[in-house]
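To keep things clear, I will list the structure first and then write my remarks on it.
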Amino acid sequence: LQQRACYENNWMAALNESSVPATLVWGEEDPVCTSVVSDYVWSASLSVRPNAPARYIKVPDGGHYVCHDQPQLFACLIRDPLGACPWWETSIVSVEAGSTYPEAGSGSGSA
């Protein structure tokens with residue numbers, strides 16, 4: 001925790017200034033690190049980045065290891081960063097909390 005506090009400004013600035021598209025995926029059932037953290041990272045850095053799009057996905061049934069809880073979601077995101085998967089729209093796998101991709105329907109809104 002001390003290291004996180006010490007380097008937080010550097011990490012947040014690097015996320016904001018990066019030219020690499022980013023997707024933040026967070027488990028809403030994470031008992032270790034609640035979505036207060038991901039909401040903060042989204043609103044303070046990723047949602048306002050000027051050089052690349054970003055996306056924020058909350059996974060209702062996801063815990064601390066979302067990639068283990070929802071492997072299909074991660075496979076989809078690797079194949080298509082915008083996550084256009086048929087099962088995504090018909091099941092409650094994830095909730096898009098925000099996106100700065102122009103073609104993603106939720107706009108640059110916040111969580």
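These numbers come from the heavy atoms of this one structure, side chains and all, not from hydrogens, waters or symmetry mates.
Smallest separation of non-hydrogen atoms from Arg55 and Tyr101: CB-CE1, 4.0 Å. The two atoms that bring Leu15 and Ser45 nearest to each other are CB-OG, 3.3 Å, heavy atoms only. Of all non-hydrogen atoms in Asn16 and Arg49, the two that sit nearest each other are O-CB, 3.2 Å. Shown here for Glu8 and Tyr40, the closest heavy-atom pair between the two residues is OE2-OH, 2.7 Å. Closest approach of Val20 and Ser18 over heavy atoms only: N-OG, 3.0 Å. The shortest non-hydrogen separation linking Ser38 to Ser35 is OG-O, 3.0 Å.
In this structure a side-chain-to-backbone donor-acceptor pair under 3.5 Å is missing from Trp42 to Leu24.
Residue Tyr56 is tested with Thr23, Val25, Asp39, Leu46 for a side-chain contact (heavy atoms from CB on, under 4.5 Å); the sole match is Asp39.
Glu28 CD to Thr34 OG1: the interatomic distance, rounded to the nearest 0.5 Å, is 11.0 Å.
Contact of the Trp26 side chain with the Val37 side chain is registered, since non-hydrogen atoms from C-beta on lie closer than 4.5 Å.
Within a 6.0 Å sphere centred on NE2 of His68, other residues, nucleotides and ligands contribute 12 heavy atoms or fewer.
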